Amino acid sequence: MSNTDGWFAAGDRDDPDATITAVREGSADEPRDWPALALEAGFASDEDEYYDALREATTTATRAAVTERERADDRQLVHAVRAMDDCDRTANELAERLAEWAGTVDPDAGTGVEYARTLADGEADDDLEEPAIRSLAERVADLADEADKLREFVQRRTPAVAPNLAALADPVLAARLISLAGGLEELAKKPSGTIQVLGAEDALFAHLRGHAPSPKHGIIYTHDAVRGTHPENRGSAARAVAGKLAIAARVDHYSGESKPELEAELAERIETIQSRTVDDDAEADGGAGDE
């Protein structure tokens with residue numbers, strides 16, 4: 001469709017594919033009297049009919065865009081990692097409730113998801129005969145099993161969707177970053193400073209209200225390079241990791257090309273940061289010896 005034609009130039013109003021394409025891809029350099037042109041072209045008999053058709057066409061195009069977006073690989077990853085976290089959280093919450101309940105009839109009752117698994121499998125104390133407790137244990141075990149299956153799906157799918165992010169972060173952390181950002185494209189558009197604190201929104205808002213210090217990191221704290229760095233240098237490590245993750249997200253979204261050099265560069269940077277603590281400790285030991 002040229003920029004001088006209206007979206008209705010696509011032709012048959014009963015052809016949704018044509019109208020979707022026209023609405024999504026059409027453009028114009030300047031406004032025109034589109035209702036009058038539509039009437040002149042015989043597309044509609046009056047302005048009301050034109051606007052009815054326009055509303056129907058834009059609604060159809062929006063629905064198609066949403067469906068296309070939700071079926072995208074990164075959106076499937078977002079849904080999977082969110083479902084995995086929901087299953088994990090619910091299983092752990094119910095496991096706590098199970099432990100409290102089982103403890104009322106068995107002083108030696110265990111705790112956690114693993115206790116729920118043993119109870120569900122009939123491996124726990126035979127004196128625990130309450131069917132409702134065992135039924136709850138089975139539900140906890142089922143949720144934990146589902147979380148494990150979803151984790152396997154995420155670990156398998158992430159490298160295909162975001163190979164560089166998965167290599168730098170690990171598949172599950174990469175998927176969580178994509179989820180928190182709302183998608184791979186959204187993550188690719190974020191600056192490294194924002195990626196650094198993804199998942200720490202509550203702490204960030206508290207800081208902005210003047211009630212807390214600025215957070216040094218969000219969920220990237222779980223990255224080995226951040227978690228394995230001395231607390232004094234953890235902020236520097238988080239910045240280094242976030243910087244490389246920002247680059248990885250952009251490469252994954254815009255080209256999908258594998259960039260193994262990003263891993264080497266990050267490893268070198270983290271080694272430099274972590275060596276500061278070693279050097280400081282050596283100086284402290286040397287000073288103590290001089291005394």
Side-chain angles (χ1 to χ4, degrees), residues 65-66 68-88 147-201 203-204 215-230 233-276:
V66 170
E68 179 181 305
R69 175 63 176 149
E70 286 301 307
R71 288 177 178 170
D73 287 343
D74 64 327
R75 293 301 302 174
Q76 295 300 302
L77 199 59
V78 167
H79 289 303
V81 76
R82 289 177 180 175
M84 179 193 75
D85 287 341
D86 286 344
C87 286
D88 267 333
D148 290 342
K149 292 176 184 177
L150 287 166
R151 186 171 289 102
E152 291 175 3
F153 173 85
V154 169
Q155 290 172 334
R156 191 171 62 249
R157 178 65 69 88
T158 306
V161 175
N164 293 289
L165 274 174
L168 277 177
D170 94 44
V172 173
L173 176 55
R176 285 202 174 104
L177 288 168
I178 292 171
S179 174
L180 285 169
L184 181 58
E185 180 178 1
E186 289 77 3
L187 184 64
K189 292 178 179 179
K190 292 187 182 301
S192 61
T194 300
I195 293 175
Q196 182 178 337
V197 295
L198 278 175
E201 286 76 15
L204 180 60
K216 294 180 179 179
H217 43 65
I219 64 166
I220 65 170
Y221 171 76
T222 60
H223 193 287
D224 289 343
V226 179
R227 188 173 49 191
T229 299
H230 191 278
N233 298 317
R234 201 164 281 158
S236 296
R239 283 192 294 274
V241 171
K244 291 303 179 184
L245 290 177
I247 295 172
R250 291 165 195 157
V251 174
D252 285 338
H253 174 64
Y254 293 108
S255 75
E257 180 183 356
S258 178
K259 295 281 188 179
E261 61 267 27
L262 291 175
E263 294 179 72
E265 291 167 2
L266 178 59
E268 182 179 356
R269 177 61 180 151
I270 293 300
E271 183 179 356
T272 300
I273 292 171
Q274 292 179 344
S275 69
R276 297 174 187 169

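Keep in mind that what you see is a predicted model, and the values were worked out from it rather than measured. Counting from 1, the numbers follow the sequence of the chain as shown.
Inter-residue side-chain proximity for E263 and L266 is flagged as unmet; no heavy-atom pair is nearer than 4.5 Å. Side-chain contact between V172 and T158 is absent, with no heavy-atom pair separated by less than 4.5 Å. In this structure the side chain of Q155 reaches within 4.5 angstrom of the side chain of R151, judged on heavy atoms. In this structure the side chain of D85 reaches within 4.5 angstrom of the side chain of R176, judged on heavy atoms.
Taking both residues in full, the closest heavy atoms of P163 and G256 are given as CG-O, 4.0 Å, listed atom of the first, atom of the second, then distance. Across every non-hydrogen atom of H253 and A188, the tightest pair is CB-CB, 3.8 Å. Of all non-hydrogen atoms in A147 and D88, the two that sit nearest each other are CB-OD1, 3.4 Å. Nearest heavy-atom pair across R250 and P191 is NH2-CA, 4.0 Å. Of all non-hydrogen atoms in A248 and L168, the two that sit nearest each other are CB-CD1, 3.6 Å. Shortest non-hydrogen contact noted between R276 and N233 is CB-ND2, 3.8 Å.
The backbone N or O of A225 sits less than 3.5 Å from a side-chain atom of T229, completing a donor-acceptor pair. Distance alone, capped at 3.5 Å, places no donor-acceptor pair between the H223 side chain and the A238 backbone. Between the R157 side chain and the L77 main chain, no donor and acceptor come within less than 3.5 Å of each other. Within the 3.5 Å criterion, the main-chain N or O of V161 finds no donor-acceptor partner in the side chain of D73.
Annotation: the span from L187 atom CG to I178 atom CD1 amounts to 6.5 Å, rounded to 0.5 Å. A distance of 9.0 Å separates OG in S236 from CD1 in I270, rounded to the nearest 0.5 Å. Here the straight-line distance linking atom CG of N164 with atom CD of E257 works out to 8.5 Å at 0.5 Å rounding. Atom CG of L198 is separated from atom CD1 of I219 by 6.5 Å, given to the nearest 0.5 angstrom. The structure places CG of L173 at 7.0 Å from CG of L245, a figure rounded to the nearest 0.5 Å. Atom CZ of R227 is separated from atom CZ of R234 by 9.5 Å, given to the nearest 0.5 angstrom.
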Could you go through Q196 and I220, starting from their C-alpha distance and side-chain angles, then the distance that decides it, and tell me whether this counts as side-chain contact (heavy atoms from CB on, under 4.5 Å)? CA-CA 7 Å; Q196 182 178 337; I220 65 170; 4.1 Å; yes
Report the C-alpha separation of K189 and E185 in whole Å, then their side-chain angles, then the decisive distance to 0.1 Å, and conclude whether the salt bridge (charged side-chain N to carboxylate O under 4.0 Å, His left out) test is met. CA-CA 6 Å; K189 292 178 179 179; E185 180 178 1; 3.1 Å; yes
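K190 and E186 are not joined by a salt bridge, as no carboxylate oxygen comes within less than 4.0 angstrom of a charged side-chain nitrogen.
Taking a 6.0 Å sphere around CD of E261, one finds it holds more than 12 heavy atoms contributed by other residues, nucleotides or ligands.
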